Amino acid sequence: MADGVGRLAWTWPAAGNVPTVVGIDEAGRGCLAGPVYAAAVIWRTRPEATPENDALVRLVRDSKTLSRGQRDRVRAFIERHADAWGVGVASREEIDRVNILRATLKAMHRAVDAALAKEATSTSTEAIDDYTHVTLLVDGDRFEPYTSPRDGSFVSHTCITEGDAKVVAIAAASILAKTHRDEYMRGEHAHGTYPLYGWDRNAGYGTAEHMRALKEHGACPLHRTSFAPVRAAKQHDREMAGFDAAPPKS
């Protein structure tokens with residue numbers, strides 16, 4: 001449960017006595033452009049109590065409550081102190097092909113794969129050797145059962161509404177998913193290639209700035225064509241192209 005430093009729990013009652021809890025969260029599900037990211041974090045115990053560590057532990061909470069600078073500081077802290085962590089991605093193409101929910105679940109599974117792979121190579125005596133001792137704690141209310149990479153058996157999971165405000169491992173996952181995705185959207189493959197949409201500021205969300213640019217410049221290859229505002233922009237582009245191509249009336 002919660003300790004005296006942070007307000008969030010390090011364990012979760014529904015997990016029982018399972019020693020390995022994997023917190024899972026996503027970022028970018030509601031964006032109009034770019035991939036969706038997910039992260040998975042295994043973090044069993046609070047780091048050594050020091051003034052610096054305690055200050056950073058207090059910031060391990062829902063990523064939406066933190067400033068960009070705070071998220072970046074806490075990301076480094078999590079990646080340094082967590083037992084294992086992983087990030088999974090589902091591309092814009094996958095989102096449009098299978099829908100955003102299924103793509104998000106794929107990203108979550110990839111994040112768990114990555115975290116468990118790191119845990120498997122850990123020198124810690126806590127390294128996982130039996131997946132019946134693992135439970136997945138997922139932010140939200142939807143998840144697709146995950147199977148053990150060792151023998152194909154189902155790994156138990158629990159969905160927790162607003163879990164990123166309740167469990168440290170989920171909050172940590174929310175911060176990693178958000179910061180890794182924002183880094184991509186600010187980088188050369190997104191904002192660097194398509195600077196007109198302000199993705200270094202809005203990360204692909206449908207802000208007023210983004211919507212104005214979408215209306216003015218149309219959609220680019222990173223826009224999710226299965227999302228209604230993008231479809232509307234592409235339809236407008238087609239109609240304008242047809243109007244421009246039409247011969248003048250006599």
Side-chain angles (χ1 to χ4, degrees), residues 9-29 34-45 60 63 75 78-161 163-164 166-181 183-184:
W10 288 88
T11 60
W12 189 251
N17 294 320
V18 173
T20 300
V21 168
V22 184
I24 305 168
D25 203 356
E26 56 78 23
R29 182 173 170 182
V36 63
Y37 273 57
V41 175
I42 302 169
W43 203 354
R44 296 182 178 87
T45 56
V60 180
S63 65
R75 168 182 164 175
I78 294 165
E79 293 178 352
R80 184 167 65 250
H81 287 283
D83 295 283
W85 58 273
V87 173
V89 181
S91 69
R92 191 282 301 166
E93 291 83 359
E94 284 183 283
I95 291 168
D96 287 337
R97 185 171 66 250
V98 303
N99 77 44
I100 184 58
L101 173 60
R102 295 184 67 83
T104 301
L105 298 178
K106 286 177 179 288
M108 287 181 169
H109 280 209
R110 290 164 186 163
V112 176
D113 287 343
L116 293 180
K118 286 184 181 179
E119 178 75 356
T121 60
S122 171
T123 57
S124 167
T125 56
E126 298 278 4
I128 298 169
D129 59 5
D130 183 351
Y131 283 87
T132 63
H133 295 166
V134 177
T135 192
L136 312 177
L137 300 183
V138 186
D139 183 68
D141 60 1
R142 302 289 293 274
F143 191 66
E144 188 170 289
Y146 178 85
T147 56
S148 162
R150 177 165 300 171
D151 59 14
S153 61
F154 286 110
V155 177
S156 69
H157 73 269
T158 299
C159 292
I160 304 173
T161 302
D164 53 5
K166 298 173 182 175
V167 182
V168 165
I170 300 178
S174 82
I175 291 167
L176 294 192
K178 171 67 173 169
T179 53
H180 279 266
R181 186 181 186 278
E183 184 176 68
Y184 172 85

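Keep in mind the model is a prediction, meaning the values are calculated, not measured.
The side-chain hydrogen bond (donor to acceptor under 3.5 Å, both in side chains) check on Asp141 picks up nothing, with sequence neighbours excluded. Applying the ring-ring contact (aromatic ring centres under 6.0 Å, His included) rule to Phe143 yields the partners His109, His157; only residues at least two apart in sequence or on another chain are considered. Remark: Ser91 pairs with Glu93 by the side-chain hydrogen bond (donor to acceptor under 3.5 Å, both in side chains) rule, at least two apart or across chains. A search for salt bridge (charged side-chain N to carboxylate O under 4.0 Å, His left out) contacts involving Asp139 returns nothing, not counting sequence neighbours.
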Side-chain polar contacts of residues 169-177 - donor-acceptor pairs under 3.5 angstrom, sequence neighbours left out - could you list them?
residue : atom : partner : partner atom : Å
Ser174  : OG   : Ser63   : N            : 3.2
Ser174  : OG   : Ala171  : O            : 2.7

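Between the OG atom of Ser156 and the OH atom of Tyr146 there is a distance of 12.5 Å, given to the nearest 0.5 Å. Taken to the nearest 0.5 Å, the OG1 atom of Thr20 stands 6.0 Å off from the CD atom of Glu119. The CH2 atom of Trp85 lies 3.5 Å from the NZ atom of Lys118; values are rounded to the nearest 0.5 Å. In this structure, OH on Tyr37 lies 8.0 Å from CD on Glu183, to the nearest 0.5 angstrom.
Formation of a donor-acceptor pair under 3.5 Å by the Lys178 side chain with backbone atoms of Ala27 is not found in this model.
Closest approach of Ala114 to Gly86, counting heavy atoms only: CB-CA, 3.7 Å. Nearest heavy-atom pair, Ala90 versus Ala107, reported as atom, atom and distance to 0.1 Å: N-CB, 3.9 Å.
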Intermediate values then yes/no, side-chain contact (heavy atoms from CB on, under 4.5 Å), Leu101 and Arg29:
CA-CA 8 Å; Leu101 173 60; Arg29 182 173 170 182; 3.6 Å; yes
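A side chain to side chain contact (heavy atoms under 4.5 Å, CB included) with Met108 is found for exactly one of Leu136, Ile24, Val36, namely Ile24. Put simply, the residue from Leu137, Val168, Val134, Ile42 that forms a side chain to side chain contact (heavy atoms under 4.5 Å, CB included) with Val21 is Leu137.
Considering only heavy atoms from C-beta on, Tyr184 stays 4.5 Å or farther from Val89 through its side chain.
Every pair passing salt bridge (Lys or Arg N to Asp or Glu O under 4.0 Å) that includes a residue from residues 95-106 is listed here, sequence neighbours excluded: Arg92-Asp96.
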